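Written below as structure tokens is the structure these notes are about.
Predicted, not measured: the structure shown is a model, and the values here were computed from it. In what follows, residues are counted from 1 in the order of the sequence shown.
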Amino acid sequence: MITAAEARALQRRYVLMATSIFALDLAITVGFMVLSGSWTQAWLTVGMGVICLLVVNWLVSRWLFGPIAAFLEGRASFASIQRRLTQLPLLSARTVGSLGFVVWAFRLSLAWWLPSFVSGGVLLLAPSVLDFCVGLAVLSIFYFTFTYFVVSDYLATLCTFIFERTGENLGLFFGSYRLKLIVALVVISVGPLAAIIAELYSYEGERLKLEILVDVASALMGVAISSFFIMRSLLQPLRILSDGMEKVSAGDLGVSLPITSNDEAGVLTGRFNTMVEGLRDRERIRETFGRYVDESVATAILQHGSEASNGEIREATILFTDIAGFTTIAEYLQPHELVAALNEYLETVLEPIRVHGGVVNTFIGDGLFASFNMPLPCDGHPCAAVRAAIDIQRAVGSRTFGQGVALATRIGISTGPVIGGSVGAGQRMSYTLLGDTVNLAARLEELNKHHGTRILASQSTRDACGDLFAFEALGRVPVRGRSETIAIFSVDPNGQGNAQ
């Protein structure tokens, strides 16, 4: 919300910036009269500046700002004033350049149409035609350039204010950063030099010294003031963009920058905002995706994109969990009680898996399917999976869930080659793990109910862990889906010492 007082203050500041050329013009005029002693035409030269650069410029500036003032006061849309906003520096500079041309054409020609104007013994000195033309061109261009960069500096403040209050940003760009830089360099360096060269070819003796002295004094003052606004106008948008990049590189994706320039720097800032918005969307997708699959799986899929559907094979350890007697438990619990207890249970099971470097791929009813070393690398994955299983049993066995529900967990672990990739059809895809190692881990989880155990591991997992854990061999047993029997090993979570 922009208040009426704020809108008026912004308009006053613009008019002040647009008419600030009068103060510089007055300083140049007074400096000339001080150096030359030509006070006789002061009322004419100063008066012409007051009429054109102050009064007329003030009226035109208020008219130029009218549509923008209507937007600030809530009487117009941003779309309807965006073109005027973008072109404000150019329109203001064009007005001042034209008025400056009129003012200095009048002043420099005074001696031609008032040759006998004498006061105090001082005669008006007529300029040469060359000096008149060059001086008029240089001063008009200088007034144009000064106003352009002063108003551009104001535009940055105005656009920032509008962005912060309304969220609106520039989307039209008519300026050219390269052209701005070229004009600034020409005005600062070539302009004063051209005026001095014209005088070298036009005068001699004391007149030449006087003219050069006036030019040098005026140039020093004008260039010093102009350089300040030129540098601010050219560098401020880049500084804002640089600060935004630093924040993004530090992980802050909440950055949104005001577009304060009507040239390529503004275009670049707009593209930066679009890029950050895309990063925010990607982060939201990753976070949302991570609620349905493990966040690390979501990250891997987003990073690899279509490559994830090609699949890869890697040595990994698979861990399956299931709740013993869950069907019976579900019969006497209300649905909301059952869901609450199950959520608490799964959160308890998830923590050890994450701590030891595992990834939860899928929730299967009351159980889950986790992997170690796929898709994320995990050093010593067989041992990490066994440690996670021991910690799960200790955590689950030491507490109840929901409204005092005790849950017992069965775990199956197997190590071997695993195929990972995105599978599905059309727009429905799922990242999953496939292979005999996955099937065996699921079968081992089921075998716990026949052997009265809580953790069963395959021969490959037991061999990979060596003597780090106390495994009990249960012999060779048939497994559904296999023609040969396999050796299975149980792990007692209470007989392992510190599993960490």
Side-chain angles (χ1 to χ4, degrees), residues 290 292-301 303-304 308 311-322 346-364 367-396 409-423 430-448 453-471 486-493 496 498-500:
Y292 295 92
V293 298
D294 192 275
E295 187 172 346
S296 57
V297 176
T299 301
I301 294 174
Q303 287 178 345
H304 296 294
E312 63 172 327
I313 186 168
R314 188 188 303 174
E315 187 82 7
T317 299
I318 304 300
L319 181 150
F320 269 87
T321 74
D322 192 28
L346 291 175
E347 189 62 39
T348 302
V349 172
L350 283 172
E351 185 60 24
I353 294 173
R354 289 171 177 165
V355 167
H356 293 292
V359 172
V360 175
N361 291 270
T362 308
F363 291 102
I364 308 172
L368 58 82
F369 160 28
S371 59
F372 294 77
N373 205 45
M374 175 74 84
L376 300 181
C378 176
D379 293 336
H381 52 91
C383 298
V386 174
R387 289 192 184 98
I390 293 171
D391 285 351
I392 288 172
Q393 293 293 358
R394 290 176 175 177
V396 171
T409 301
R410 298 191 297 257
I411 300 175
I413 306 172
S414 177
T415 300
V418 175
I419 300 170
S422 296
V423 297
S430 174
Y431 183 86
T432 190
L433 302 180
L434 307 169
D436 183 63
T437 302
V438 178
N439 297 332
L440 179 58
R443 302 293 181 263
L444 290 173
E445 180 274 314
E446 294 175 355
L447 285 174
N448 278 289
T453 55
R454 287 288 178 258
I455 304 174
L456 284 180
S458 67
Q459 178 79 54
S460 56
T461 302
R462 190 258 175 272
D463 293 344
C465 290
D467 298 328
L468 290 178
F469 305 98
F471 289 92
I486 64 167
I488 60 174
F489 299 83
S490 68
V491 180
D492 182 2
Q496 303 298 323
N498 185 0
Q500 299 297 324

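- Between Glu445 and Arg443 there is no salt bridge, since none of the side-chain N atoms of the basic residue sits less than 4.0 Å from a carboxylate O of the acidic one.
- Interatomic distance, Gln459 CD to Phe471 CZ, rounded to the nearest 0.5 Å: 10.0 Å.
- Using a 4.5 Å heavy-atom cutoff, the side chains of Ile411 and Leu319 are in contact.
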Applying side chain to side chain contact (heavy atoms under 4.5 Å, CB included) to Leu368 and Leu346, what does each step give before you reach the verdict?
CA-CA 8 Å; Leu368 58 82; Leu346 291 175; 4.2 Å; yes
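- Rounded to the nearest 0.5 angstrom, Arg314 CZ and Thr437 OG1 are separated by 13.5 Å.
- Scanning all heavy atoms of the two residues, the minimum distance from Cys465 to Val386 falls at SG-CG2, 3.9 Å.
- Considering only heavy atoms from C-beta on, Val355 stays 4.5 Å or farther from Asp391 through its side chain.
- Looking only at side-chain heavy atoms (C-beta outward), Ile413 and Leu456 stay at 4.5 Å or farther from each other.
- Neither side chain, Ser490 nor Thr453, offers a donor N or O lying under 3.5 Å from an acceptor on the other.
- For the pair Phe469 and Ile390, the minimum side-chain heavy-atom distance is below 4.5 Å.
- A heavy-atom distance below 4.5 Å is not found between the side chains of Asp322 and Thr409.
- In this structure, the separation between OG on Ser458 and CD1 on Ile488 is 10.5 Å, given to the nearest 0.5 Å.
- Arg354 contributes no side-chain N or O that, together with a main-chain N or O of Gly358, makes up a donor-acceptor pair within less than 3.5 Å.
- Checked against side-chain contact (heavy atoms from CB on, under 4.5 Å), Leu433 has the following partners two or more places apart in sequence or in another chain: Ile318, Asn361, Phe369, Ser371, Met374, Val418, Tyr431, Val438.
- Side chain of Gln393 to backbone of Ile455: no donor-acceptor contact under 3.5 angstrom is found.
- Looking at every heavy atom in both residues, Phe372 comes nearest to Ala388 through CZ-CB, 3.8 Å.
- Looking at every heavy atom in both residues, Thr348 comes nearest to Ala395 through CG2-CB, 3.7 Å.
- For the 3.5 Å distance criterion, the side chains of Ser460 and Thr415 fail to qualify, holding no donor opposite an acceptor.
- A donor-acceptor pair is defined here as one N or O able to donate and one able to accept, closer than 3.5 Å; such a pair exists between the side chain of Arg394 and the backbone of Pro493.
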Do Leu350 and Phe363 pass the side chain to side chain contact (heavy atoms under 4.5 Å, CB included) test, and can you show the C-alpha distance, the side-chain angles, and the key distance before you say yes or no?
CA-CA 11 Å; Leu350 283 172; Phe363 291 102; 4.1 Å; yes
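- Going from atom OG1 of Thr317 over to atom CG of Asn373 covers 7.5 Å, rounded to the nearest 0.5 Å.
- Atom CG of Asn439 and atom CZ of Phe320 lie 8.0 Å apart (nearest 0.5 Å).
- Here the side chains of Arg387 and Leu468 are in contact, with some heavy-atom distance below 4.5 Å.
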